[in-house]
Structure formats: structure tokens, C-alpha cells
Amino acid sequence: MASNHLYLVDGSGYIFRAYHRLPPLTNKHGEPVGAVYGYTAMLWKLADEVHKADGPTHMAVVLDKSSHTFRNELYDKYKAQRPPPPEDLIPQFPMIRDATRAFSLPCIEEEGWEADDLIASYAKAALAQGWQVTIVSSDKDLMQLIEPGLDMYDTMNNRRLGAEAVVEKFGVMPHQLGDVLALMGDSVDNVPGVPGVGPKTASKLILEHGDVEAVLAAAPTMKAGKLRDNLIEHAEMARLSRKLVELASNVPLPDPLEDLALKGIPEAPLRAFLDHHGFKSLLMRLGGGGGGVDAPQPAPASTIELPADPPCDHDAYESVTDLAALDRWVEEATARGFVAFDTETDGLGAMARLVGISLATAPNRACYIPLGHGGNDLLSETPEQIPTDQALARLKPLFEDPAVLKIGHNAKYDISILGRQGVSVTPVDDTMVMSFNLDAGLHGHGMDELAATHLDHSCIAFKDVVGTGKSQKGFHEVPLREATRYAAEDADVTLRLWRRLKPRLSPEHVTRVYEMVDRPLVPVLSGMEREGIKVDREELARLSAEFSGQIVELEKEIHAIAGVPFTIGSPKQLGDILFDRMGLKGGRKGKSGVYSTDVNELERIAADKDGGPGVEMVRKVLDWRQLSKLKSTYTDSLQAEIKAETGRVHTSYSLTGAQTGRLSSNDPNLQNIPIRTEAGRRIRDAFVAEPGNVLLSADYSQIELRLAAHMADVPQLREAFLRGDDIHNMTAQELFGEVNRDTRARAKTINFAILYGISRWGLAGRLEIAPDEAQAMIDRYFDRFPGIRNYIAETLSSVRECGFTTTLFGRKTHFSRIKSSVQHERQGAERAAINAPIQGTSADIIKRAMARMGPALRDAGLPDVKMLLQVHDELVFELPEGDVERAKPVIERVMATAAEPAVTLSVPLGVEIGTGLSWGAAH
DNA sequence: TCAGTCACG
DNA sequence: GACGTACGTGACTGAT
């Protein structure tokens, strides 16, 4: 029997070469696809190799994931001045993954390693097993690896490269190539080498002396001249270069060798991929594809017109209750290379109980696998169903198969549920996130709404299945046939949405934000939700009791002053008491005829120096309000949120809740835990670490102002941040010519006003000055910082033209009211549009930091550091006390460099870190 | 279900 | 001249 033969494809290297060799082709959707076309054709060629006697039995595509590797630690200039990839190549990177998936091949990439290192490690492991290895690449660095049993294959020239090719090109054997490359250096990668030494001299030196160290040792004895001097003077650079060109061959393999076995290419996903891009000649080779020209045609971007799918047929859905049927579904999904899925649970949140799983592979081809139906209710009979552990044992390989794309709608939730069952889910697409990236601001992204919008289909309402109010049942009590109709429909609709939304990503230019920001975050958030954070119930109970006593006391006093008992919590009653009964002046009624009693209004009254009983009462009402708020929203409610299983509180993050791209947190909201007042801060002290651990809080300092300085190009602000100056002092100096407490406070207010889109009245209200004065101040700000004026003008003109704003990472937010004929609607949209790119870019950056944090900590040997919370510009971690000092620099680095390499900022990102036994203490 | 209020960045 | 004129959230309360 022939031995195994592993093909390792250097995907990253290939795409750059293909980009420069092939014309700038565009597919029918207007997407640049030249390199993708070349890459696809290359995979095709490799697929043909399978049939040859010596062909591959195992294959993987290896890609570069991170820009930061151990080589950057050795030499900070390594690859530092590489120009960013060409604009029209960037969107092609994610398409490479799509192409790879269409061929059902695993994609290997790992944070902290270059593709070359992974290739070297896989090659070494395979050779050790006695396998043959072929590296599909023509990269000179990889030629070092050539040895008996390992060759290279340059698909562009159709050439096999063995040791003789290395001798021909460099004059040395492959095992000496590293030494030659080190002496030569590489200007593209910024490997320094030795000045004046090129390939010829390098190979001569190495042939003569053996390796770099021997050359350096012999240098003093060489004949006097430039070469000798350079070798002596740059010896250290030569040694460094030797380390830089060395390939790491002991990287832990992300996927075991056996998983790279070729399984054949399922036709459907490949056809879908080729069809999407209009790669006609390849389609023809697949058989049945239309004729016509070979290369994709240049064409303007247009909306994708898919033929309408058949309507949802609920009777076509299958209830899967035996293993044979389940195996058929797993097999079909594996063959297709993608599957839509959904989980049904009792209750909500990451800690809910799994009741069933649905799958869909094509419109109306969907099933429901009941797992936890019946059971704890005597009235409902337990239907026949596969025991959960058996079903999951069959489903686990599917959910974990790197060659099968799992499509979910709000997949974060399903990943949590399955994760608790020991099943990880990867790779994942999420139609809710896709919709958000495409259409944020236009409509919601719930499945029911999207089904109505895109599919003209109205989904079975959940409450029609489980009922409402007292008679509401758990999903496990829903009869099997009905549960199947509902659950399988969800998977079916998810699949249909995916077929509509996925092809829109690239032509609408949101591939980058989807692939680089939001999609990688889905499993990360899932993990954070499952992790939860420990809350000290007794501490909260103590606070509740304490607040309660004060509230009762205040209530008595307020009623005594009013002379009549009333509901203090009713703004209507309170307004009537204050302004009518007690005769306080300045009461303003809103359109509903109720006096305003918000905190601004009450504080205005409370500030009255010679206040009568009314003023005294208002002060007590303010205290009462604060304590009631803290008690009802935090100290009482949070106790109820502690889950018995974990003793921790598990929030749920919404990726699609905030129009700007921020996350939001709910059930409970852990992004608005008090901090600004003393009473409130005590609530933060109830968020604690497990024994032996501490909490670490890391926050970006002034990130939005820094981004404004970069995006609006304000030199004074930029330089102040570079110097590390106090930014509000700087603004005060610019605006008022002197810095004191008052001018700093006013400057701070104006700086924030700028971020939020300013109006003279708004600023006037905040600063308690006349609108005219506020306007003068705004004018002065614009005169000192003209970049801000330009930024606002450009942002507005662009949002008026396109209807959306974009962040530095390409995130869109749509503003349909930007053209409203109602002035205050239009002006509101304008203010939001000015803010959205800044707030959104900040959100993009921290999201990237979050996606990179886990791998970075793991690579640093800190697997026990857990990321628990995100609060817009802050990340909260729990970690063993002994890990703190090692974790700090890793966290700091990941956060500070999170924009790179996609975006290069002209201001540094400052990160502040604190630790303590409680969240309060970590600040 | 809405409006008002207030906790956070 | 008015817009309860700063952006983005979620939870709770009382009133309907």
C-alpha cells in the first residue's frame, strides 16, 4: 500500500503572487476576484493530482493569521515597513477561505505563527510518521525544508522543486539555505543580513565555511576589505537574521494530521461558490455549467437576484427520533459542506437547558432532533427520542468539522448551549450579524423580521407554540410534531437568509468588518457569557437592607413636608405636589402635560440657597430617587440573577443592539453598574474574584477623543496625545488662553460636545451660558481645530449622499432620517451621524482586542486568565493572583495594538490597568 | 405598552 | 421660533 502523502498549500504566499500575475478581474457582482480566481484554479489543479499514483492523501491550506510573531520579539523592525496589501486585494482574503471551504479542505491558521512555521511543523510531523510531503509554494524560505521525502510544487510554473533546484538557485544544499538567506538579508521582510552581501557572496561564504557562525568566526582572518569589515561590524545583525529566517518546526498542530485526510469534494458548495463568482470555465469542468468566456467579466455591482425559493412547507420537516435517521442528516450536511442549525431550550440565557436541535441543508430540507422533551410533567407523554448523549456523540464530529460551515442566527447563543454539552461549533457564520453589518440602522435583525423583509415569509410565532401567561409551557412540553414545525422552520429560514445575505457582503463592502471584527467575536462572547462573574450575594443583601432603611426614612420626611402621602416614584404626582401644591416656581410641562421632574430640574431647584420647605423636600427626593434606583435595579435584582449552578451572574451581550457597532448587555445589564457616586460604587465592590484570584480591569483612556484627533486630523490634539499631555488642559489653553479648574471643565464639556455633534443650544444648556456665547465658543473651537470642522462637513455630505456612515474598519450605520423633512428628526440624525464613525471605530477596536485576547493569553502561557466583561472601553478579567504581572503586558499590548495592521493610527492608544479583589477595587 | 427617569460609556 | 436640543444603551416604575 502506498504511504500517505500530505500536501501543504501556502495560501498566503499564493494569493500575493496570483494578485500580481493575473489581470484585475471582477466578477458579476463587481467584487475584485483576480487572485481568488487564480487560487481557485490552483486548488482545482491540485484536486486533479489526487488521481495520480503519487497524489495527495491528505491536504490542508495554511494561512497567515497574525502579524505579530516571535520574530517581532526578536526584532521590532521585522516586516515593519511592509506596505499594506493593495486595496482590491484585501476583500479577497476572506474569499480565499470561502474557496477553501468550497473544496472541503481544512484551513490552518494560528495566532502568533506565520504560515511558514505551521507548514514546517506539519511537514516535520508528517515526515516523522514516514509520510511524503509536498509544499505547494515557491517561497524561498520554505525551500529550507526540502529533504528526501519532501519536495515543493510551484503550480504557476508546473514545476517540482527538489534539492537540485535549491543548488541551482543558491548554490547550497537546502539545509544550508537558512544560513545563506541570513547573510543575504531580505529587504521586503526587513531581515537585515550583512550589508554588501548578496546571494552570490552569501552562498560562496557558506559553501566555504559551513554556516553563519563559522563565517563570522573566520571573518578576522579574511583578506582586508569592505566584506571583512562588514562581517565584523554587523556580526550581531547576521546572528539575528539567522534566527529570523529559521522556521519554527515545533508549533503545536492546531488540527491533528489525521484530520487532514481528503474526503472528496462535495459538488453543491463548490458549484455555489463558482456560480457566485461566475467562474464559468471551472463550472464547465464541474459539468453542466453554462458555456461562455473563461474569466469572470467586469460588471457593475448589482443586487443579487436569486430565483425565489419555494414557500416554507412545515409538513416537509422531519422529526429525527432514531440514530439511523440522524446519521443520514449528519452525512448529508457533511457532504454539502454547510448546514444551518438552531437549538431549542427551556428558558433563556447561556445557562438554559437544551431541549432539541434543528438542522437545514436546503430550502424545505430541515429536521428537528428532540432531546429533552416530556419528562418532568405527568400530563405530557415522553415521546420517543434519541438519548441526548448518543445524539450529541453523532453530532459532535459534524459541529466540529472544519470543512463544514455551521450557519446560525444569533449563533452565540447556540454555541453557548452546545458548549455546555462539550460540543464546540466551528466554523460558524451568523445571519443576524451579517444582517447587522449590511443594514444597521435600516431595520432590526431578529429572524422573524428578516424573514418578513427578505423572504416574504411570516414565521410561526413562539408564543403560538408555547402559549402565554399562566398557561405558558416550556418548549420541552410542546408536542413533537408542533415542535418540529417550529424548530425546523427556524433552521430552514436561517439557511434561506444565509443564501440571501452572504452574497451581499462583498459587493456592499462589509466583508472586512464581518470577517475581521464581528464574526470572530461570536465565539468569544459566547465564552464570556458562559463564564459569568462572581457576585457576593450577602454583600448585596446588606446594601439592600441599608438602602431600604434610608428609603423608608426619607419617605416619611418627604410625606411630612408635603403634608400628604403620595407616590414619590410617580413623576406626575411628584410634579403636581412640587409645582401646584407647594408653589415652587419654574415648573415646565412637556407635551403630555406632566411637569418635568428629572434630575436636572430637581438639581436646579435644590441649588436654591435660601430654600424653603419645597427646596428641602426636593433634596430629599433626589436622595430617595438615587437609593430607590440603586436598590431596585442593582442590589435587589442582581441577587436574583445569581445562577445556582455557578454561583455567578451571566449577562447576555447583543452584537446587533447598538446602531454604532457597540455591544449592549442585558439580563442583567452589566454595562451600567454604578461608579459615579459613593453609594453606587459600593455595588461594584460586590463583584468579586474567586478565592486565590483577582479581578483586573483594563480600559482605554480617552479612546474616542484620540480617534477624533486621528480621523479629523487635528495636529494639536494628536501631538498632545503623543506627548501624553492632559487633553482637556490643552483644549483649555487653546480656547481660553489659560488653564484653571473652570476653563478645564468647560473645555472638557466642549470636547465631549464635539464627539456628540454639537448645537449652540445644547452647549449653552450644559455650560449655562447664552446660545450666542456658545456659538462663539464653537466657532473658536473650529478656528483652532479646523480639522474638526472639515470632518463634520465631510461626514455630513457623505451620509447625505450614501445614507450611511462608515468607521475606519468599514462598519456601516444607516441614517434613514438624514433626509427627513421634519427638522428635529433630521438634525438628530445629523448629530448621530457625526458621532457614529467615532463611537463605532472605538467599538471595532475593542472588539478586535477581544477576539485576539484569548489566543494571545494562551500563547503567553496564561490559559487561566479569563475575560469576563466588556464595558465599551473597558475589559474585566479574572485571573490567579500569581498571573497578574505576566498578564498585564499581554493585555496591554493586545489592546494598544488592536487596530493594527488593518488600520494605522496616528495617535497611540493608551491603556490603564488596575487589579483588586473586587471590581470596585480594580479601578 | 408607553413615558419618564436614571444607571453606564 | 421651537425642538423638553449632546451620542449610544437597558431596566425599572407608574399609568394607561
Side-chain angles (χ1 to χ4, degrees), chain A residues 440-441 566-575 587-603 621-622 624-638 641 651-654 656-677 679-681 683-684 699-705 708 749-767 771 774 778 805 813 815 822-840 842-843 846 869-875:
Chain A
F566 68 102
T567 308
I568 305 170
S570 162
K572 186 175 184 305
Q573 291 188 34
L574 178 64
R588 293 179 300 139
K589 285 192 179 181
K591 55 173 170 245
S592 57
V594 183
Y595 287 112
S596 169
T597 63
D598 69 15
V599 70
N600 290 323
E601 193 65 19
L602 295 193
E603 278 182 345
V621 170
L622 282 167
W624 181 92
R625 279 229 180 118
Q626 190 197 15
L627 292 168
S628 301
K629 177 83 176 183
L630 295 179
K631 181 171 188 288
S632 69
T633 309
Y634 302 103
T635 58
D636 287 354
S637 312
L638 273 174
E641 294 284 352
T651 185
S652 168
Y653 288 101
S654 169
T656 59
Q659 308 298 330
T660 54
R662 272 193 178 178
L663 299 179
S664 72
S665 154
N666 57 52
D667 299 312
N669 183 353
L670 295 185
Q671 290 181 321
N672 70 345
I673 301 303
I675 191 169
R676 291 174 187 171
T677 65
R681 232 185 330 264
I683 293 167
R684 270 190 194 225
D699 65 280
Y700 284 112
S701 96
Q702 311 274 25
I703 187 169
E704 292 195 0
L705 270 176
T749 298
I750 298 167
N751 276 332
F752 279 104
I754 293 297
L755 299 179
Y756 296 149
I758 199 168
S759 83
R760 74 186 74 171
W761 299 280
L763 186 61
R766 291 275 160 161
L767 290 178
I778 294 166
T805 59
T813 305
F815 293 89
V822 183
Q823 187 173 238
H824 74 264
E825 281 186 356
R826 190 172 62 247
Q827 289 178 338
E830 287 172 357
R831 290 195 298 271
I834 290 166
N835 178 249
I838 298 169
Q839 191 182 114
S842 160
I846 195 167
L869 302 179
Q870 189 251 42
V871 194
H872 309 309
D873 63 359
E874 174 189 12
L875 295 174

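By convention in this document, chain letters (A, B, ...) are assigned in the order of the sequence lines, proteins followed by strands, and residues within each chain are numbered from 1. Just so it is clear, the model here is predicted, and its values are computed rather than measured.
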As a quick check of understanding, evaluate salt bridge (charged side-chain N to carboxylate O under 4.0 Å, His left out) for R662(A) and E704(A), giving each step before the final call. CA-CA 13 Å; R662(A) 272 193 178 178; E704(A) 292 195 0; 3.5 Å; yes
Provide, to the nearest angstrom, the distance between the [atom1] atom belonging to [X] and the [atom2] atom belonging to [N].
X       : N       : atom1 : atom2 : result
I683(A) : dA7(B)  : CD1   : C1'   : 9 Å
Y756(A) : dC8(B)  : OH    : C1'   : 11 Å
Y653(A) : dT9(C)  : OH    : P     : 17 Å
R662(A) : dC7(C)  : CZ    : P     : 13 Å
D598(A) : dA3(B)  : CG    : P     : 16 Å
Q870(A) : dG9(B)  : CD    : P     : 12 Å
Y634(A) : dG10(C) : OH    : P     : 13 Å
I568(A) : dA15(C) : CD1   : P     : 13 Å

Spacing of the P atoms in dG4(C) and dC8(B) (rounded, Å):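 Here dC8(B) and dG4(C) have their P atoms 25 Å from each other.
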Look at the side-chain N and O atoms of [X] and state whether any lies under 4.0 Å from the OP1 or OP2 oxygen of [N].
X       : N       : result
S637(A) : dC12(C) : yes
S654(A) : dT9(C)  : no
Q573(A) : dA15(C) : yes
R676(A) : dC8(B)  : yes
S664(A) : dG10(C) : yes
S628(A) : dC12(C) : no

Taking for each residue the nucleotide of DNA chain C bearing the nearest heavy atom, is the 5' side occupied by Q823(A) or by Q839(A)?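 Residue closer to the 5' terminus by nearest nucleotide: Q823(A).
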If you assign N672(A) and I750(A) each to the DNA chain C nucleotide with the nearest heavy atom, which residue ends up on the more 5' nucleotide?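 It is I750(A) whose nearest nucleotide is closer to the 5' end.
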Please work out if [X] contacts a base, only the sugar-phosphate, or nothing of the nucleic acid, heavy-atom cut-off 4.0 Å.
X       : value
E874(A) : nothing
I758(A) : nothing
S665(A) : sugar-phosphate
A658(A) : sugar-phosphate
D699(A) : nothing
I834(A) : nothing
S759(A) : base

Among [options], which nucleotide has an atom closest to any side-chain atom of [X]?
X       : options                  : result
N666(A) : dG10(C), dG9(B), dT5(B)  : dG10(C)
D873(A) : dA11(C), dT13(C), dG9(B) : dG9(B)
P674(A) : dG8(C), dA7(B), dG14(C)  : dA7(B)
S632(A) : dC12(C), dG9(B), dA2(C)  : dC12(C)
K629(A) : dG4(B), dA2(C), dC6(B)   : dC6(B)

Please examine the side chains of F752(A) and I758(A), heavy atoms only from C-beta on, and report whether any two atoms are closer than 4.5 Å.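 No, every pair of side-chain atoms sits at 4.5 Å or beyond.
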R625(A) side chain reached by L574(A) side chain, heavy atoms, under 4.5 Å: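 Yes; the side chains approach each other to less than 4.5 Å.
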Looking at the base of dA6(C), is there any donor atom on it, or on the side chain of R766(A), that sits under 3.5 Å from an acceptor on the other one?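 Under the 3.5 Å cut-off, the side chain and the base do form a donor-acceptor pair.
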Do Q671(A) and dA7(B) have a side chain to base donor-acceptor pair shorter than 3.5 Å?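 In this structure, the two groups form no donor-acceptor pair.
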Quick check: does any side chain N or O of T805(A) sit under 3.5 Å from a backbone N or O of P837(A), one acting as donor and the other as acceptor?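 No: the side chain of T805(A) does not pair with the backbone of P837(A).
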Test side-chain contact (heavy atoms from CB on, under 4.5 Å) on N672(A) and Y634(A) and set out the steps. CA-CA 10 Å; N672(A) 70 345; Y634(A) 302 103; 3.2 Å; yes
Please assess L663(A) against Q671(A) for the test side-chain contact (heavy atoms from CB on, under 4.5 Å), listing each intermediate value before the final yes or no. CA-CA 9 Å; L663(A) 299 179; Q671(A) 290 181 321; 4.2 Å; yes
Mind checking who dA2(C) pairs with, Watson-Crick or G-U wobble, both distances under 3.5 Å?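 Pair assignment: dA2(C) / none.
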Using a distance-only test with no angle check, is there a side-chain donor-acceptor pair under 3.5 angstrom linking Q827(A) and S759(A)?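 No, because no side-chain N or O of Q827(A) sits under 3.5 Å from a partner of the opposite role on S759(A).
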